[in-house]
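What follows is a short report on a single structure.
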Amino acid sequence: MSDLLDRYFESVNTENWSLMADLWNADGVLTAVGVGVVDGRDAVLEYFPRVLSGYAEHVDTPTRVIGDGDTLVVEIDFVGKLHGGTPILFTAVDVFDLVDGRISRLSTWYDSHAVIKQVKAARA
């Protein structure tokens, strides 16, 4: 499972969407704060580039992993910069459910209001 997480975070941090595609089951589902349900691998692969397009730089660093069977809970430190250079920092929690060694469900949790506040302050 640690190999899957390593490849997941590598794909997010390097925006390697073909690597990301290999990690998901075709019928995988992502649930994201403020977005709702993203249904299916193809939709998930469209979601990530769209969400990350606002950042000139971004790195998700897993800081803690808790596993129970085919479920992994990962605490994450996000460090990014908007295209104007303003830093954006927040912590998140991702919950992965795996089937046959691939992601079948991912839910992402973070304080979206705090992130929006940082982005609005940068635009002011």
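Heavy-atom basis, side chains included; hydrogens, waters and symmetry copies ignored. The model shown is predicted, which means the values in this text are computed figures rather than measured ones.
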Do [X] and [Y] have side-chain heavy atoms sitting under 4.5 Å apart?
X: Leu72; Y: Ile66; answer: no
X: Asn25; Y: Ile103; answer: no
X: Val33; Y: Trp109; answer: yes
X: Glu15; Y: His58; answer: yes
X: Val95; Y: Leu106; answer: no
X: Val79; Y: Thr61; answer: no
X: Thr71; Y: Leu98; answer: no
X: Val38; Y: Thr31; answer: no

Please determine whether residues [X] and [Y] belong to a single hydrophobic cluster, defined as Ile, Leu, Val, Met, Phe, Trp and Tyr linked transitively by side-chain heavy-atom distances below 4.5 Å.
X: Val59; Y: Val12; answer: no
X: Tyr47; Y: Val29; answer: no
X: Leu52; Y: Phe9; answer: yes
X: Phe48; Y: Val35; answer: yes

- For Glu10, side-chain contact (heavy atoms from CB on, under 4.5 Å) partners two or more places apart: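 If we apply the side-chain contact (heavy atoms from CB on, under 4.5 Å) test to Glu10, skipping adjacent residues, the hits are Thr14, Leu19.
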For [X] versus [Y], what's the shortest heavy-atom pair and its separation?
X: Trp17; Y: Pro49; value: NE1-CG, 3.5 Å
X: Gly54; Y: Leu82; value: O-CD2, 3.6 Å
X: Leu45; Y: Met20; value: CD2-CG, 3.4 Å
X: Pro62; Y: Val74; value: CB-CG1, 3.6 Å

Distance from [X] atom [atom1] to [Y] atom [atom2], nearest 0.5 Å?
X: Phe78; Y: Leu89; atom1: CZ; atom2: CG; value: 8.5 Å
X: Ser11; Y: Asp6; atom1: OG; atom2: CG; value: 11.0 Å
X: Asp27; Y: Asp42; atom1: CG; atom2: CG; value: 11.5 Å

- Message: Under a 3.5 Å distance rule, please check whether Arg41 uses its side chain to pair with a backbone N or O of Trp24 as donor and acceptor.
- Response: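 The answer is yes, because a donor-acceptor pair under 3.5 Å joins these two groups.
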- Would you say the side-chain atoms of His83 pair up with the backbone N or O of Ser53, donor to acceptor, closer than 3.5 Å?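 Such a contact is found between His83 side chain and Ser53 backbone.
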- Query: Going through the distances and angles, do Asp70 and Val99 end up as a side-chain contact (heavy atoms from CB on, under 4.5 Å)?
  - Reply: CA-CA 7 Å; Asp70 287 332; Val99 171; over 6 Å; no
- Message: Once salt bridge (charged side-chain N to carboxylate O under 4.0 Å, His left out) is applied, what residue pairs with a partner in residues 74-99 remain, sequence neighbours excluded?
- Response: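 Passing the test, one end in residues 74-99: Arg64-Glu75, Asp97-Arg105.
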- Which residue pairs satisfy the salt bridge (charged side-chain N to carboxylate O under 4.0 Å, His left out) criterion with at least one member in residues 106-124, sequence neighbours excluded?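 Counting only pairs at least two positions apart or across chains, no salt bridge (charged side-chain N to carboxylate O under 4.0 Å, His left out) contact touches residues 106-124.
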- How far apart are the C-alpha atoms of Asn13 and Asp60, what are their side-chain angles, what is the distance that settles it, and do they pass the side-chain contact (heavy atoms from CB on, under 4.5 Å) test? CA-CA 6 Å; Asn13 291 334; Asp60 281 313; 3.7 Å; yes
- Message: For Phe96 and Tyr8, I'd like to know if the aromatic rings sit close, meaning centre-to-centre distance below 6.0 Å.
- Response: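 Aromatic pair counts; centres sit under 6.0 Å.
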